[in-house]
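All remarks here apply to the structure that follows.
Just so it is clear: chains get the letters A, B, ... in the order the sequence lines come, proteins before strands, and each one is counted from 1.
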Number of protein chains: 2
Amino acid sequence: MEPQAKDHSLITQLRKCHLRATGQRLAIMQSLIESQSHLSAEDIYLRLKQSHPTLSLSTVYKTLQVMSQMGAVITIETGTGSLKFDGNPSPHHHAVCSKCGMVHDVDFMKYPIDMNAKDVLPGFNVQSIKVFFNGVCAECARSATQSEG
Amino acid sequence: MEPQAKDHSLITQLRKCHLRATGQRLAIMQSLIESQSHLSAEDIYLRLKQSHPTLSLSTVYKTLQVMSQMGAVITIETGTGSLKFDGNPSPHHHAVCSKCGMVHDVDFMKYPIDMNAKDVLPGFNVQSIKVFFNGVCAECARSATQSEG
DNA sequence: GTGCCTGCAAAAAATTTGCAACACG
DNA sequence: CGTGTTGCAAATTTTTTGCAGGCAC
């Protein structure tokens with residue numbers, strides 16, 4: 001199989017928003033989708049540095065901002081200082097480890113929430129709902145147990 | 001009436017965690033609770049600067065971190081660059097305006113979610129659940145409507 | 001009195017900006 | 001070919017750190 005024939009649905013989506021389908025934008029989205037995880041701007045930058053030596057961090061930031069506004073990318077805040085980004089388009093929640101900053105997807109149907117919420121506040125127009133489960137991941141819990149008395 | 005007799009429940013809570021009830025800590029928590037809103041570290045710093053001229057920003061940051069770990073304060077990330085903090089102890093959700101960064105509380109019972117969620121991930125120990133309604137607030141929606149064709 | 005906290009300022013980290021050259025369409 | 005985008009590096013913004021003195025306990 002070919003590596004990948006450049007996600008045409010993304011190109012279409014970009015066009016729809018009157019944005020150009022540049023190699024950088026496609027590459028950034030690709031790396032997010034391929035990673036199947038949650039990367040920071042710098043994570044993406046470092047990953048792509050290899051294949052795109054001239055790519056700049058600021059382009060990554062700008063692209064992520066644009067993608068986020070387009071709705072192609074979800075912004076996740078882990079509280080560890082930097083934002084993380086998620087290219088998974090299907091609705092899901094996130095589990096965030098407060099020790100190591102790890103982010104994992106959580107099945108939406110496990111904890112469904114009314115996505116049609118319209119009356120959260122008078123006049124407030126809900127665009128998206130994010131549910132975060134904050135806690136300690138298995139690995140961090142393990143090391144914590146070791147230091148318990 | 002006196003300004004306020006220094007929140008003894010907070011002092012108790014601090015003691016429970018083997019932390020000292022310093023004037024700065026009480027003042028920072030006070031300003032969060034009194035504001036009934038969501039402030040950034042700098043917001044708090046500026047508010048208290050008047051009554052506590054020697055207070056430093058780094059103390060605000062350190063205190064907020066400590067309070068957050070104690071569970072006395074909830075950390076909210078608006079995506080506008082800086083964190084915001086919430087001193088409201090009762091469970092509730094948050095509506096965040098993606099235009100202006102405004103944060104408002106949303107009644108928990110309006111969109112209840114299982115707070116006993118234990119199986120979000122294998123081995124993941126949930127400590128808190130945060131629900132964010134992202135969208136556009138009434139005021140920003142108003143200005144957006146004006147520029148519509 | 002002891003040790004946790006604070007305050008100061010500089011460092012580190014994260015994100016944004018300006019502008020000329022370049023590629024998409 | 002025109003204009004949206006990129007890349008570079010410096011600027012800005014946000015948060016952290018180290019250390020000496022002070023205060024809570």
Side-chain angles (χ1 to χ4, degrees), chain A residues 6-8 10-29 38-46 48-70 73 75-85 98 101, chain B residues 6-8 10-29 31 38-46 48-70 72-73 75-85 98 101:
Chain A
K6 285 195 173 172
D7 185 351
H8 262 278
L10 175 59
I11 296 180
T12 304
Q13 194 178 358
L14 282 164
R15 290 282 173 67
K16 218 180 296 177
C17 297
H18 310 292
L19 295 168
R20 290 186 181 170
T22 64
Q24 290 91 329
R25 284 180 176 164
L26 298 180
I28 288 167
M29 275 307 289
H38 310 83
L39 307 175
S40 67
E42 194 156 12
D43 290 335
I44 295 172
Y45 173 64
L46 293 176
L48 291 174
K49 195 83 197 195
Q50 311 145 31
S51 52
H52 301 246
T54 68
L55 180 67
S56 72
L57 226 199
S58 46
T59 297
V60 178
Y61 274 109
K62 285 173 191 165
T63 297
L64 253 11
Q65 241 176 21
V66 165
M67 296 304 198
S68 181
Q69 291 180 342
M70 269 188 17
V73 151
T75 301
I76 304 168
E77 293 129 302
T78 61
T80 58
S82 61
L83 300 176
K84 294 203 170 167
F85 300 88
S98 52
Chain B
K6 284 192 175 175
D7 186 352
H8 262 278
L10 175 59
I11 296 180
T12 305
Q13 193 177 359
L14 283 164
R15 290 281 173 67
K16 219 180 297 177
C17 298
H18 310 291
L19 296 168
R20 291 186 179 170
T22 65
Q24 290 90 331
R25 285 178 175 167
L26 299 179
I28 288 167
M29 275 306 289
S31 67
H38 311 83
L39 308 175
S40 67
E42 191 155 16
D43 289 337
I44 296 172
Y45 173 64
L46 293 175
L48 291 174
K49 195 83 198 195
Q50 311 146 27
S51 51
H52 301 246
T54 69
L55 179 68
S56 73
L57 225 199
S58 46
T59 297
V60 177
Y61 274 108
K62 286 172 189 167
T63 297
L64 254 11
Q65 240 176 20
V66 165
M67 296 305 198
S68 182
Q69 290 180 339
M70 270 188 17
V73 150
T75 301
I76 304 167
E77 292 128 301
T78 62
T80 58
S82 60
L83 300 176
K84 294 203 170 168
F85 300 88
S98 52

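With hydrogens and angles ignored, no donor-acceptor pair under 3.5 angstrom links the side chain of T63(B) to the base of dC5(C). Residue-to-nucleotide contacts include a donor-acceptor pair under 3.5 Å from the side chain of R20(A) to the base of dT3(D). In the interface, the side chain of S58(B) is paired with the base of dC8(C) through a donor and an acceptor atom under 3.5 Å apart. In terms of polar N and O atoms assigned as donor or acceptor, the side chain of K62(A) never comes within less than 3.5 Å of the base of dG4(D) in a complementary pairing.
Spacing between atom NE2 of H18(B) and atom C1' of dT2(C) amounts to 17 Å, rounded to whole angstrom units. At whole-Å resolution of the value, CG in L39(A) and C1' in dA14(C) are 16 Å apart. Between L83(B) atom CG and dA13(C) atom P the separation is 17 Å, expressed in whole Å. Atom CD1 of I11(A) is separated from atom P of dT5(D) by 14 Å (rounded to the nearest Å). In this structure, L57(B) places its CG atom 13 Å from P of dA9(C), rounding to the nearest Å. If you take OH of Y45(B) and P of dT13(D), they are 16 Å apart, rounded to a whole angstrom. Counting to the nearest Å, the P atom of dC5(C) and the CG atom of L55(B) are 15 Å from each other. Between the P atom of dT16(C) and the CD atom of E42(A) lies a distance of 14 Å, rounded to the nearest Å.
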Test log, rule side-chain contact (heavy atoms from CB on, under 4.5 Å), inputs M67(B) and I28(B): CA-CA 10 Å; M67(B) 296 305 198; I28(B) 288 167; 5.8 Å; no
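With DNA chain D read from its 5' end, the first of the two nearest nucleotides for R15(B) and S40(B) is the one closest to S40(B).
Comparing dG25(C), dT15(D), dC5(C) by their nearest atom to the side chain of T22(B) picks out dC5(C). Relative to the side chain of Y61(A), the nucleotides dC8(C), dT6(D), dT16(C) differ in distance, and dT16(C) lies closest. With dG7(D), dC5(C), dT5(D) as the choices, the nucleotide that has an atom nearest any side-chain atom of L19(B) turns out to be dC5(C).
For the pair Q65(B) and dT15(D), the criterion of a side-chain N or O lying under 4.0 Å from OP1 or OP2 is not met. Of the side-chain N and O atoms in Q24(B), none sit less than 4.0 angstrom from OP1 or OP2 of dC23(D). Here T59(A) reaches the OP1 or OP2 of dG7(D): one of its side-chain N or O atoms lies under 4.0 Å away. Taking 4.0 angstrom as the limit, R25(B) places none of its side-chain polar atoms (N or O) nearer than this to OP1 or OP2 of dC4(C).
Annotation: the span from F85(B) atom CZ to I76(B) atom CD1 amounts to 9.5 Å, rounded to 0.5 Å. Rounded to the nearest 0.5 angstrom, S31(B) OG and M29(B) CE are separated by 9.0 Å. Here the CG-NE2 distance, from L83(A) to H38(A), works out to 13.5 Å after rounding to the nearest 0.5 Å.
Each of I44(A), L48(A), D43(A), L46(A) was checked for a side chain to side chain contact (heavy atoms under 4.5 Å, CB included) with V60(A), and the lone residue meeting it is I44(A).
A41(B) comes within 4.0 angstrom of no nucleic acid atom, judged by non-hydrogen atoms across all strands.
With contacts defined as side-chain heavy-atom distances shorter than 4.5 Å, the pair V73(B)/T63(B) does not qualify.
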